Amino acid sequence: MRRTGIRVLAAVILAAGQGRRMKSDIPKVLHPVCGRPMIHYVLEAVEGTGPSLIVVVVGFGGEMVARAVEGRAQVVYQEEQLGTAHALLQAAPLLAGFDGHILVTCGDTPLLASGTLRRLVEAHLAGGASATLLTAYLEDPTGYGRVVRDEAGRVRKVVEQKDASPAELAIKEVNTGVYCFAAAGLFETLAALGRENAQGEYYLTDVVENYVSRGLAVYAVVAEDPREVEGVNDRVQLARAEGLLRRRILEELMLSGVTVLDPATTFVDREARVGRDTVIYPFTFIEGRTVIGARCTIGPGARLVNARVGDGVVIQQAVVEDSELGDGCTVGPYAYVRPGCVLAPGVKVGSFVELKKAVVGRGSKIPHLSYVGDASVGEGVNIGAGTITCNFDGERKWPTEIGDGAFIGSNTNLVAPVKIGAGAYIGAGSTITRDVPPGALGVARGRQKNIANWQARKKKKPDTGGEG
Ligand code: UD1
Ligand code: CA
């Protein structure tokens, strides 16, 4: 690690707790908010303060959390979750000899903005305190540690909800769980703390009273937007965080030139990108790492998961997953583009069409009621209504190839593996089991037979006496 003197900052994220109140087998910090694990938000906010090292303390589901932060932070294990002070102490070996300042945050505050952390760090460095807390005033402070100040307004201690007196419970200034500490002496203090409290845990918050009693300066910075510091401890708070963040994402999109007709029914994940003058209609979900170009019309009722969508694309009442759509494509209404599809510009995928691992060339049309899977379709191909690529023989999947400019008549079965040459025609209602050469007509269906006067002859038959 770089040691360039007092201004060096390190960061520790406490994320070892199970989050018992989540009632989950997944560690709390991995629960997604707007499509991204909570801890990624915290990491991003912390990264924005420019620390020379980030340490994440993991415990419950530690391997899973370690994987989620790989490459962005160092990981230390807290074998037993004995409290927040004990958690921070686990980072001591990685910070041995470090003489700068340590920013400490929890892994369960996904709304915390980087700017707020920077303000805390700057105030801490400017104030020269041994510890600076980030606090907030909450209308309903239930569950949080309360910040106790003296008559002069100086911070005296933090008392947890479960240990607080009725007078302390009335305090509305809460500890957000975010701190900046001078590294000097911190770990020695943590190691000396006791756990004589209601929860029998080593409280990081006890550092405050310890420092104050020793005459060390402890200051506080009040967060401007108290909603930012709300922790997620149960799934009701998870939904609240999701709601706030969703609104924030939509407002960013709108301010960047995207029309969102109904923010109440539009869901856009944090990692998704949407281009200028695109219009998003209601009941639309834009998930994962989806990227949408400019001037598109998305929805109503669209769900895009990790899709790459060009400019001027129209998608309505459709699901598109892990696929690419070129400029000017239209999809839907009622279409399902499954993973692995690549549509060149100007492709039309119409109603009741399902595609899977289909590569479709420029300007080709699959307008109605078709299944095209494991297929490569050339340019300017027309696929008639009811065409099915029969790609599965009960054991394995086989490919279908359709050349440029081919015309597939309605209600055709293409039994894979099979190749239709460029410019070939397939008669409607064919079941094609052999390759069709370029330019040829392939027909594979029973010949039509007309029986003259059939109805009149039928009527002359004697009545069989049935009841109708
Ligand atoms: C903590 C603070 C409280 C503050 C609140 C803000 C203490 C004693 N209390 O309470 O003053 O108002 O955060 O949200 O610090 N963790 C570990 N190892 C442990 C225990 C916890 O890594 O042994 C981690 C958790 O994963 C979590 C964070 O520390 O990310 C906070 O733990 P949590 O149990 O949520 O603390 P609170 O009760 O919310
Ligand atoms: Ca918490």
Side-chain angles (χ1 to χ4, degrees), residues 11-31 38-39 42 55-62 65 75-95 102-109 130-131 133-136 138 141-148 155-166 168-169 171 173-181 185-214 218 220 229-234 237:
V12 180
I13 301 173
L14 307 181
Q18 173 178 7
R20 228 168 282 114
R21 289 162 278 180
M22 294 295 279
K23 309 254 162 63
S24 177
D25 298 332
I26 302 164
K28 173 165 75 174
V29 297
L30 293 188
H31 279 263
M38 244 187 268
I39 190 143
V42 179
V55 180
V56 179
V57 183
V58 304
F60 178 82
V65 181
V75 165
V76 289
Y77 283 80
Q78 183 193 22
E79 299 301 340
E80 262 187 296
Q81 281 74 66
L82 300 178
T84 43
H86 181 257
L88 181 54
L89 196 51
Q90 308 311 304
L94 280 181
L95 292 165
I102 303 174
L103 173 66
V104 178
T105 69
C106 298
D108 64 353
T109 51
S130 295
L133 323 181
L134 182 68
T135 71
L138 295 186
T142 310
Y144 289 87
R146 310 295 205 280
V147 178
V148 180
V155 175
R156 294 288 94 175
K157 63 174 178 175
V158 171
V159 54
E160 291 304 294
Q161 165 97 17
K162 289 185 177 143
D163 302 292
S165 67
E168 288 165 339
L169 285 177
I171 297 172
E173 186 182 10
V174 304
N175 169 33
T176 65
V178 182
Y179 324 80
C180 207
F181 296 104
L186 174 64
F187 294 115
E188 291 82 343
T189 305
L190 291 175
L193 294 176
R195 54 163 159 173
E196 299 74 37
N197 53 55
Q199 303 186 83
E201 288 184 3
Y202 297 100
Y203 288 167
L204 178 51
T205 45
D206 284 351
V207 169
V208 176
E209 198 174 7
N210 179 294
Y211 276 9
V212 169
S213 71
R214 287 158 52 197
V218 179
V229 300
E230 283 181 17
V232 172
N233 297 303
D234 58 37
Q237 291 170 331

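Remember, predicted model here, so these are calculated numbers, not experimental data.
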Please test Y203 against V159 for side-chain contact (heavy atoms from CB on, under 4.5 Å), starting from the C-alpha separation and ending with a verdict. CA-CA 10 Å; Y203 288 167; V159 54; over 6 Å; no
Drop me the distance from E188's CD to L89's CG, to the nearest 0.5 angstrom. 9.5 Å
For a quick test of reading the model, state the closest non-hydrogen atom pair linking H31 to S24 and the distance between them. NE2-OG, 3.0 Å
Looking only at heavy atoms, which two atoms of H86 and Q90 are closest? And how far apart? O-NE2, 2.7 Å
Could you go step by step and tell me if L88 and L186 meet the side-chain contact (heavy atoms from CB on, under 4.5 Å) rule? CA-CA 10 Å; L88 181 54; L186 174 64; 4.1 Å; yes
Drop me the distance from Q81's CD to Y202's OH, to the nearest 0.5 angstrom. 14.0 Å
Determine the minimum heavy-atom distance between C106 and G177, stating which atoms define it. SG-O, 3.6 Å
For the student: nearest non-hydrogen atoms of A164 and L169, plus distance: CB-CD2, 3.6 Å
Just one of L14, V178, V229, T176 clears the side chain to side chain contact (heavy atoms under 4.5 Å, CB included) bar with T105, so which one? V178
One should read off an interatomic distance between R146 CZ and Q161 CD, to the nearest 0.5 angstrom, of 4.5 Å
Closest non-hydrogen atom pair, L193 against A85: CD1-CB, 3.9 Å
Could you verify whether a donor N or O on one side chain and an acceptor N or O on the other, from N197 and K162, lie under 3.5 Å apart? no
Report yes or no: does Y144 contribute a side-chain atom to a donor-acceptor pair with the main-chain N or O of G231 at less than 3.5 Å? yes
For atom CD of E209, is the number of surrounding heavy atoms from other residues, nucleotides or ligands below 6.0 Å larger than 12? no
Mind checking the CZ-CG spacing from R195 to D206? Nearest 0.5 Å is all I need. 12.5 Å
Test side-chain contact (heavy atoms from CB on, under 4.5 Å) applied to K157 and V212, step by step: CA-CA 8 Å; K157 63 174 178 175; V212 169; over 6 Å; no
Go through the structure and list residues passing salt bridge (Lys or Arg N to Asp or Glu O under 4.0 Å) with E201, not counting sequence neighbours. none
side-chain contact (heavy atoms from CB on, under 4.5 Å) involving A91 - partner list, sequence neighbours excluded: V12, V55, L95
Is it true that R214 and T189 share a donor-acceptor pair across their side chains at a distance under 3.5 Å? yes
Side-chain heavy-atom pair V58, Y77 within 4.5 angstrom cut-off: yes
With distance as the sole test, does T135 use its side chain to make a donor-acceptor pair with the main-chain N or O of E173 at under 3.5 Å? no
Can a donor-acceptor pair be found, under 3.5 Å and without considering hydrogens, that links the side chain of K28 to the backbone of V232? yes
If you compare all heavy atoms of V207 against all heavy atoms of L190, which two are closest, and at what distance to 0.1 Å? CG2-CD2, 3.6 Å
